[in-house]
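Chain letters run A, B, ... following the sequence lines, proteins first, then strands; residues in each count from 1.
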2 protein chains.
Amino acid sequence: MTERGVRVRQREETRRALLGESRRLFTERGYGAVSLAEIVGAAGVTKGALYHHFDGKEELFRAVLEDVQQEVGRRVAEAAGAHEDSWDQLVFGCREFLAATTAPGIQRIMLVDGPAVLGWTAWRAMDEASSARHLTEALTVLVDEGVVPAQPVAPLAHLLSGAMNEAALWLATSTDPADLEHTTAALDRMLDALRAA
Amino acid sequence: MTERGVRVRQREETRRALLGESRRLFTERGYGAVSLAEIVGAAGVTKGALYHHFDGKEELFRAVLEDVQQEVGRRVAEAAGAHEDSWDQLVFGCREFLAATTAPGIQRIMLVDGPAVLGWTAWRAMDEASSARHLTEALTVLVDEGVVPAQPVAPLAHLLSGAMNEAALWLATSTDPADLEHTTAALDRMLDALRAA
DNA sequence: CTTTTTCACATACCGATGGTACGCGAATTC
DNA sequence: GAATTCGCGTACCATCGGTATGTGAAAAAG
């Protein structure tokens, strides 16, 4: 079927190597502390290859961030999709988001460097396009169904999104495993308050 | 009284010029996009002066961030202190925090670049030392008084802090003035849920 | 099969940036 | 008034992100 060809295969392989190594380095040491020389070195290519695939360091980061966000978005969607009830979709989607973003390979790129490197507005747009969209949708459904009292969804979505982002960052540094339970419990209570008449 | 002397006065003046101009530039264009050459140029000095007062670009930013955080912390403390009731202190402290961090001169430095430049852990420690401390204290008092059900305060503080941070960033980009009311209302409801038995 | 074109990538180079070493001169100290 | 401090300017350096150009193999054209 797909005639592939040596050309395109090598191209994709190089691109994946660049994305993979830069993601690893960005995760370990942050965007600002990683040089392009390191990235291309780790990927086994040169800057020529990097600039052939990406428009610069910032665009490379954007591509990495897109991967990370899609990964999180997919996990959230799967967790939510496992439930029929709209309310359960919200709750379990939120829990999965918390679990996914607590992982070390996600945090720094998605929650810390993302807004600083690309600007908060651009970051927000990307976030909305991937994981945050699920939250907005879930809330909209619940309002439409009357489970949650009628109100603008956007403020609610931002409050909850921010709460979970910060909580995830904190949990990642926490040493006490009970913190996760406590946070989940507190989050559950916050969510539960939404459907109080 | 204070014999001041030409030496110390000039020193303080230079330091204030560097802090002021760098705060302005960091706010306008972000940490990464501002060069030291620009800063010293705007402040009317040279790099020699900058490195005499600060250990580098990162430490200069840290000093600026400290100023910004103290400013916010003071506003929150004042707003909360205007009320006797512990619950009112929490509510009005949160509202003031939202108002303070929605201002353009605060946002980028405190909420976007801060964690990325200094690392989330260091940023958190600084935040806790200034504005976030008030939130933790207020919640602790409320739990002690029995107004809020007994529970670990830290998870709650992080959830609320993150919620307000994100909300402030969103509000700053929002064009609809009604968004502020809606967000405040939603936040009030979130807080109010804390004292439901 | 031969020629031509494409293109994925390497090499060499550039201006700008953060950072350092050192010198100077006026304010302070003795 | 001599000695010393120190706030700051000057000159310089390594490294960074980014660009221009070369090259060789794969693909297309003949």
*Asks:* Which heavy-atom pair separates A:Thr183 from B:Leu159 by the least distance, and what is that distance?
*Replies:* O-CD1, 4.2 Å

*Asks:* Round to a whole Å and report the spacing from CG of B:Leu25 to P of C:dG18.
*Replies:* 12 Å

*Asks:* OP1 or OP2 of C:dA8 versus the side-chain N and O atoms of A:His52: is any pair under 4.0 Å?
*Replies:* yes

*Asks:* With the threshold set at 4.0 Å, does a side-chain nitrogen-carboxylate oxygen contact exist between B:Arg133 and B:Glu128?
*Replies:* no

*Asks:* Rounded to the nearest Å, what distance is computed from the CD atom of residue A:Glu58 to the C1' atom of nucleotide D:dG18?
*Replies:* 13 Å

*Asks:* With a 4.0 Å cut-off on heavy atoms, is B:Val34 in touch with a base, just the backbone sugar-phosphate, or nothing at all?
*Replies:* sugar-phosphate

*Asks:* Grab the CD-C1' distance between B:Glu59 and C:dG18 for me, whole Å please.
*Replies:* 14 Å

*Asks:* What is the distance from CG of A:Leu36 to C1' of C:dA10, rounded to the nearest Å?
*Replies:* 16 Å

*Asks:* Between P on C:dA10 and NE2 on A:His53, what's the gap in Å once rounded to a whole number?
*Replies:* 9 Å

*Asks:* Of the nucleotides D:dG9, D:dA27, D:dG18, which has the atom closest to the A:Arg7 side chain?
*Replies:* D:dA27

*Asks:* Figure out the CD/P separation between B:Gln10 and C:dA26, and round it to whole Å.
*Replies:* 14 Å

*Asks:* Tell me the interatomic distance from A:Lys47, atom NZ, to C:dA12, atom C1', rounded to whole angstroms.
*Replies:* 10 Å

*Asks:* Is it the case that C:dG19 (base atoms only) and B:Lys57 (side chain only) share a donor and an acceptor within less than 3.5 Å, ignoring hydrogens and angles?
*Replies:* no

*Asks:* First locate atom CE of A:Met126, then atom CD of A:Gln70, and finally report the distance between them rounded to the nearest 0.5 Å.
*Replies:* 8.5 Å

*Asks:* Do other residues, nucleotides or ligands put more than 12 heavy atoms under 6.0 Å from B:Glu84 CD?
*Replies:* no

*Asks:* Which value, rounded to the nearest 0.5 Å, describes the distance between A:Ser161 atom OG and A:Leu139 atom CG?
*Replies:* 10.5 Å

*Asks:* Under 4.0 Å between a side-chain N/O of B:Ser35 and OP1 or OP2 of C:dA16, yes or no?
*Replies:* no

*Asks:* For B:Tyr51 and C:dG18, give me the distance from atom OH to atom P, rounded to whole Å.
*Replies:* 7 Å

*Asks:* For A:Arg11 and C:dA8, is the shortest distance between a side-chain N/O and OP1 or OP2 below 4.0 Å?
*Replies:* yes

